[in-house]
Structure formats: C-alpha cells, structure tokens
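Heads up: the structure comes next, in structure tokens.
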Amino acid sequence: MIGSLVATAFWAMLPAYVPNNAAVLAGGGRPIDGGRTWGGRRVLGDGKTWRGTAVGTLIGVLLALGLNAINGPVSATLGVSLPTFPIQAAVGLALGAMLGDIGASFIKRRSGRERGAAFPGLDQLDFVVGALLVAFLVDADWFLSTFTLGIIVVILVITPLLHVSTNIIAFKIGAKEEPW
Ligand code: CTP
Ligand code: MG
C-alpha cells in the first residue's frame, strides 16, 4: 500500500524532478533577467538562464514520453497502475518545476540572498509547488485523478529527501557549486 503510493508519487513527479537537474548540467548563457536589477538587487540572478530553463523543460517532457512508453511493463512488474502523462501534463510538470524554481530565485533575491544562497524549505519544495500548480492549470482532470491527497502527502515527504541527496551528489561530482 505505502509502497505503491511511493512508486506512484515518484513516477508522477519524475518529469518535475529531472528538469532542475538537467538545468544544472545545461546552465549557462544569457540570464533570463538580462542582468536587470530591482531595488538594487538582481531580479533573478545569473543562476536562472534561458538555456537551462529550455533544456530542463525539454528533458522533462521527453522523460514523461519515455515513461509513457515503458508504463505497461513497469506497472505490470510492480503490480501498480502507474499514471501516464498526456502531453500537456508533461509540459505542465516540467515547465511548472522550472517556473517554481525561478519564482524561488525571485523571492531569494528580494530577501537579500545572493545567487546560490540556501533557503531551507523553499529550495526543496519550490519546484513541487510550481509543477503541481501548472499541471493543475493545464489539465485539471488528469491532475485530480493522478494526485490524490495520499500521493501529495507522499510527494511532500519524499521530495525534500530526494532533493537533498541528489544535490549532495551533484556537488560532490562538481556539477553544482553548493550542496543545496
Ligand atoms: N540553472 C539554469 N537555469 C535555470 C535553473 C538552473 O541555468 N532555470 C543552472 C544555473 O547554472 C544554476 C544551476 O543550474 O547556477 C543551479 O541551479 P540553482 O541551484 O537553482 O541556482 P543557483 O545558482 O543556486 O541560484 P539561486 O540562488 O537563484 O537558486
Ligand atoms: Mg541554488
């Protein structure tokens, strides 16, 4: 029971988890805010680039389509009916994750935190909130049939754990400048 909830939650959120990590690897180039400041601070900062956002979103969508392709055998093996991603849901999750992360950078800059500064809580859940919100906006029927209350609770528990561990790995292998 709990195992199938965790498997479903993880599967449903993979297209939202991977974009941030892909952006870390693809980042660079022009910052989204074009270097502009607001109130003496950068609007978003150099850590939010067009390339990172575009590549992250694309990877998330492609991943969702890949998961759809292997859904049958994986669901059968696990004995769980894993969700499939309509294209709009795939885009919603991936783009929403990137937008949530961008929104968090906006909040961090307004609160005086420089690029790369940690903001515990926000760092771990910004992309979850963004992904779920945008997925709901683009496909409410799919969202409501996929994200039951139990699934959302599991997501809120496992995401920070996954986020912390993958970021420590990214830091150790030199892909990220800070371990958060
Ligand atoms: N990145 C990007 N575009 C995005 C998100 C991330 O290019 N939309 C890349 C940047 O190279 C960034 C790295 O991924 O430095 C790590 O992402 P993140 O931790 O979100 O950014 P930070 O540099 O820590 O900046 P911030 O304080 O704004 O979160
Ligand atoms: Mg950061």
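Each ligand, and each atom within it, is numbered from 1 in the order the structure gives. For the numbers below, each heavy atom of this structure counts, side chains included, while hydrogens, waters and symmetry mates do not.
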Q: Specify the closest pair of heavy atoms between Lys108 and Ala117, including all atoms of both residues, with the distance to one decimal.
A: NZ-O, 3.2 Å
Q. Which protein non-hydrogen atom lies closest to atom 24 (O) of ligand 1, naming both residue and atom, and how far is it?
A. Gly116 CA, 3.3 Å
Q.
Only heavy atoms of Lys176, strictly under 4.0 Å: list the atoms of ligand 1 that pass.
A. 19 (O)
Q. Counting only heavy atoms not in Arg30, do more than 12 fall under 6.0 Å of its CZ?
A. no
Q. In the protein, what heavy atom is nearest to atom 14 (O) of ligand 1, and what distance, to one decimal place, separates them?
A. Val24 CA, 3.2 Å
Q) So which of Asp123, Asp126, Thr49, Ile102 gets nearest to atom 3 (N) of ligand 1, if we judge by its closest heavy atom? A) Thr49
Q | Distance filter under 4.0 Å to Asp101 heavy atoms, resulting ligand 1 atoms | A | 5 (C), 20 (O)
Q.
Tell me the protein heavy atom at minimum distance from atom 8 (N) of ligand 1, and give that distance in Å.
A. Thr53 OG1, 2.9 Å
Q: Name all residues meeting the salt bridge (charged side-chain N to carboxylate O under 4.0 Å, His left out) criterion together with Asp101; count only those two or more places apart in sequence or in a different chain, and write none if there are none.
A: Lys48
Q. Considering only the protein, which heavy-atom contact is closest to atom 9 (C) of ligand 1, and what is its distance?
A. Ala23 O, 3.3 Å
Q. Side chains of Met13 and Leu132: does their closest heavy-atom pair fall under 4.5 Å?
A. yes
Q. Under 4.5 Å between any side-chain heavy atoms of Ile87 and Leu65, yes or no?
A. yes
Q: Would you mind finding which of Gly47, Ala26, Gly27 brings a heavy atom closest to atom 6 (C) of ligand 1?
A: Gly47
Q | Any Gly45 heavy atom less than 4.0 Å to ligand 1 | A | no
(Q) Heavy-atom distances under 4.0 Å decide this one: backbone, side chain, both or neither, for Arg51 against ligand 1? (A) neither
Q: Would you check whether Met98 has a nitrogen or oxygen atom less than 3.5 angstrom from a nitrogen or oxygen atom of ligand 1?
A: no
Q: Answer with side chain, backbone, both or neither: which part of Asp46 has a heavy atom less than 4.0 angstrom from an atom of ligand 1?
A: neither
Q. Which atom names give the shortest non-hydrogen contact between Gly35 and Asp33, and what distance separates them?
A. N-OD1, 2.8 Å
**Q.** Proximal candidate to atom 29 (O) of ligand 1 [heavy atom criterion; set Glu177, Lys108, Arg30, Arg42]
**A.** Lys108
Q.
Starting from atom 18 (P) of ligand 1, what is the nearest protein heavy atom, named by residue and atom, and what distance separates them?
A. Lys48 NZ, 3.6 Å
Q: Would you mind listing which atoms of ligand 1 come within a distance below 4.0 Å of any non-hydrogen atom of Arg115?
A: 11 (O), 12 (C), 15 (O), 23 (O), 25 (O), 27 (O)
Q | Any donor-acceptor pair under 3.5 Å from Arg51 side chain to Gly29 backbone | A | no
(Q) Using heavy-atom distances only, which candidate in Gly28, Ser105, Ala117 approaches atom 26 (P) of ligand 1 most closely? (A) Ser105
Q: Report yes or no: does Arg109 have a heavy atom closer than 4.0 Å to ligand 1?
A: yes
Q: Heavy atoms only: give me the nearest Thr49-Ile32 pair and the separation to one decimal.
A: C-CG1, 3.7 Å
Q) Does any pair with a residue in residues 106-141 pass ring pair (Phe, Tyr, Trp, His ring centres under 6.0 Å), and if so which ones, sequence neighbours excluded? A) Trp38-Phe106, Phe127-His163, Phe136-Phe143
Q: Taking all heavy atoms of Arg109 and all of Arg41, pick out the closest pair and write down the distance.
A: O-CD, 3.0 Å
Q.
Assess, by modelled atom type and distance only, whether the side chains of Thr166 and Tyr17 contain a donor and an acceptor separated by less than 3.5 Å.
A. no
